[in-house]
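Note sheet for the following structure.
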Amino acid sequence: MAKKKNAAYVVWKGHKTGVFDTWAQCQQATSGYAGAQFKGFTSKAEALAAFNGELSTPKAPTGHALTVDAAWNSVGKDMEYQGVWLDTGETAFRVGPIADGTNNIGEFLAIVHGLALLKQLGDDCPIYTDSATAMAWLRKKKANSQNVKEGRVDAKLIELLARAELWLQENPYPNKVLKWHTKDWGEIPADFGRK
RNA sequence: ACAU
DNA sequence: CTATGT
Ligand SMILES: [Mg+2]
Ligand SMILES: [Mg+2]
């Protein structure tokens, strides 16, 4: 394998940051700097894009994907969730309202419902969620709901959660589950628009 | 603090 | 303002 020569260097963290033309300049900008981050690129255009990519406003994803979201009333404890296709805006599924839930239970069930639907459709597209908590529960295949432990959640929902966790145990899935960056991209399409 |  | 979570 022929090695390509580096034509430019990006320094993200260093004494100075930016795109440099030579390894010597890159060294000057980074040596002795704790936690320096830098990388060489085979073209200046590539380097500029890489440096730029961190500073420019990230663009919301487009294309075929499923977005999910939950809504929950902290006073009445009513919970619902839905899935909306990113590319068409059409509703893929909608569940609830169900009494005595939580925001996080809704966000978690929405993801698993989406995964099951995509599996049934043979669709390997990604799922977007705005919930860091639900993503953590999904990774562990376990809904760590404090309210369930404290007995504040409806029995029917606890059963739904058990089914969701079991589905995750028994069903491999190809879909990526990705974070929707609300701050950069605006509300997720599946949002209920109640805030 | 961050994410809902 | 209240509530659910890492
Ligand atoms: Mg949400
Ligand atoms: Mg929402």
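Side chains included, hydrogens not; waters and symmetry mates left out as well; all remaining heavy atoms used. Computed from a predicted model, the values in this text were never measured in an experiment. Chain letters run A, B, ... following the sequence lines, proteins first and then strands; every chain starts at 1.
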Does [X] reach a base, just sugar-phosphate, or nothing at all? Heavy atoms under 4.0 Å.
X        : value
A/Asn104 : base
A/Asn147 : sugar-phosphate
A/Asn73  : nothing

Compare side-chain N and O positions of [X] against OP1 and OP2 of [N] and report whether any pair is under 4.0 Å apart.
X        : N     : value
A/Asn103 : C/dG5 : no
A/Ser145 : C/dG5 : yes
A/Trp137 : C/dT6 : yes
A/Thr102 : C/dG5 : yes
A/Lys195 : B/U4  : no
A/Thr182 : B/A3  : no

Quickly, which of A/Tyr128, A/Phe93, A/Tyr81 forms a side-chain contact (heavy atoms from CB on, under 4.5 Å) with A/Val68? Name it, please.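 It is A/Phe93; the other options fail the test.
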[X] [atom1] to [N] [atom2], straight-line distance once rounded to whole Å:
X        : N     : atom1 : atom2 : answer
A/Glu150 : C/dA3 : CD    : P     : 14 Å
A/Tyr128 : B/U4  : OH    : P     : 15 Å
A/Lys183 : B/A1  : NZ    : C1'   : 11 Å
A/Ile98  : C/dT4 : CD1   : C1'   : 17 Å
A/Arg194 : C/dC1 : CZ    : P     : 23 Å
A/Leu138 : C/dT6 : CG    : P     : 13 Å
A/Arg139 : B/A3  : CZ    : P     : 15 Å
A/Phe108 : C/dT4 : CZ    : P     : 18 Å

Any idea which of C/dG5, B/U4, C/dA3 is nearest the A/Ser74 side chain?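 For the A/Ser74 side chain, the nearest candidate turns out to be C/dA3.
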From the list B/U4, C/dT2, C/dT6, which nucleotide is the closest neighbour of the side chain of A/Lys179?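 Nearest to the side chain of A/Lys179 among the choices is B/U4.
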Kindly indicate whether the side chain of A/Trp185, heavy atoms from C-beta on, has any atom under 4.5 Å from the side chain of A/Trp180.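 Yes, their side chains come closer than 4.5 Å.
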Do A/Asn6 and A/Trp23 come within less than 4.5 Å of each other through their side chains, counting heavy atoms only?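 Side-chain contact under 4.5 Å: no.
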Ignoring hydrogens and angles, does a donor from either the side chain of A/Ser131 or the base of B/U4 sit under 3.5 Å from an acceptor on the other?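 Answer is no: no donor-acceptor pair is held.
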A/Lys156, NZ: over 12 other non-hydrogen atoms inside 6.0 angstrom: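 No.
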Atom NZ of A/Lys140: over 12 foreign heavy atoms under 6.0 Å: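 Above 12, so yes.
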